[in-house]
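What follows is one structure encoded as structure tokens, with my remarks underneath.
Since the model is a prediction, treat every value here as computed from it, not as a measurement. For ligands, and for the atoms within them, numbers begin at 1 and follow the listed sequence.
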Amino acid sequence: MLSKKDLLGLNDVPKEEIELILDTAVNMKKLLKQGVKKLPNLQGKSVITLFYENSTRTRMSFELASKFMSAVAANISASSSSVAKGETLIDTGKTLDSMCTDVIIIRHPVGGAPALLAQNVKASVINAGDGMNEHPSQGLLDMLTMKERFGELKGLKVAIVGDIKHSRVAKSDIFGLTKMGAEVNLFAPSTLMPSGIDSFGAKICSSREEALSGANVVMGLRLQLERMKGGLFPSVAEYHEFYGINDSHLKLADSNAIVMHPGPVNRGVELSSSAIDADVSLINEQVKSGVAVRMAILSLLTKK
Ligand code: NCD
């Protein structure tokens, strides 16, 4: 069981609860691999996904996770709902409460929007990505993927390279991984490094070599151009040249290193095509972990 009604970010989830979610997700993933797609855990519960931003993996995996555990699952896309008629987030939430919704899964361009919703509804709220703040279920699925590959997270060296400033995934990964005893190296152009990053517990590296050297995990991040107001680097080609990762950069990492990326990937920008398709790339495995982790979160949050 989890101590809070909502899952808003990994910064405020205790280590023991992260362990519980990951252990539960390991079992869920085993069941999925056996082809089990009907569990009773969410029988009688209703789950609504409320997405104010685009999504493929996150929305679909929450929806499948709900359905695989026998919940009634429905989706609201903001562009076709009363949100487009000027309804506030809180009023939308109260409307969903009145329909006896047990869980609302929200993605929103503004950091803190899921927390505001959570304070104003009876339903459990899961943050599926809020602005540049956090994306806890992605952090958990990344940790599950690493834990399954390496056995434990403690002592792992994880290099995160790319647009860290705009990445809610990077924030949740840093909070979760450092809590579990992993070491996180960060490398990005200074314009794409968030202010206050020094207090996050990760190491800020001054070169790609320093970040990747001896790393067990090399994670690329998408350039989130939709969140950039002005030019924060000269061109995409130059970005790839100085901050992208290709096969020769991977040689700097540990000989058993894996490649990860939360998706969607822009081929040839943050990672070369051959790094994306390499045998050591676990990008598709991350997607598998995503369904299992979301099953674990939903089942633990709704357990009384
Ligand atoms: C990420 C997101 O939306 O924050 N994607 C995801 O959920 N898998 C990263 C991104 O959009 O680049």
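Within the 4.0 Å heavy-atom shell around ligand 1 one does not find Gly129.
Electrostatic pairing of Arg227 and Glu53 counts as a salt bridge here, judged by a charged N lying under 4.0 Å from a carboxylate O. One finds a salt bridge joining Glu210 and Lys203 here, because a Lys/Arg side-chain nitrogen approaches an Asp/Glu carboxylate oxygen to under 4.0 Å.
Contacts with ligand 1 closer than 4.0 Å are made by no heavy atom of Glu53, backbone or side chain.
Under the 30°/60° scheme for interplanar angles, the aromatic rings of Phe175 and Phe200 are found to lie parallel.
Of the candidates Gly290, Ala170, Gly263, Ser167, it is Gly263 that places a heavy atom closest to atom 9 (C) of ligand 1.
Shown in contact with Gln224 at under 4.0 Å from a heavy atom are these atoms of ligand 1, numbered in order with element: 10 (C), 12 (O). Interface of Thr58 with ligand 1, defined as ligand atoms under 4.0 Å from a residue heavy atom, comprises 6 (C), 7 (O).
Among protein heavy atoms, the minimum distance from atom 7 (O) of ligand 1 is reached at His135 NE2, 2.8 Å. Of all protein heavy atoms, the one lying nearest to atom 11 (O) of ligand 1 is Arg222 NH2, 3.0 Å. Among all non-hydrogen protein atoms, the one lying nearest atom 3 (O) of ligand 1 is Arg168 NH2, 2.9 Å.
Under the 6.0 Å distance and 45° angle rule, Arg294 counts as a cation-pi partner of Phe62.
With a 6.0 Å radius and a threshold of 12 heavy atoms from other residues, nucleotides or ligands, Lys122 has its NZ atom at or below the threshold.
Considering backbone and side-chain N/O atoms, Pro262 comes within less than 3.5 Å of an N/O atom of ligand 1.
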Show which side-chain atoms of residues 140-147 pair as donor or acceptor with protein atoms under 3.5 Å away, not counting sequence neighbours.
{"unit_1": "Asp142", "atom_1": "OD1", "unit_2": "Gln138", "atom_2": "NE2", "d": "3.1"}
{"unit_1": "Asp142", "atom_1": "OD1", "unit_2": "Gln286", "atom_2": "NE2", "d": "2.8"}
{"unit_1": "Thr145", "atom_1": "OG1", "unit_2": "Leu141", "atom_2": "O", "d": "2.7"}
{"unit_1": "Thr145", "atom_1": "OG1", "unit_2": "Ser289", "atom_2": "OG", "d": "2.9"}

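For Thr49 and Asn75, the side-chain atoms include at least one donor-acceptor pair closer than 3.5 Å.
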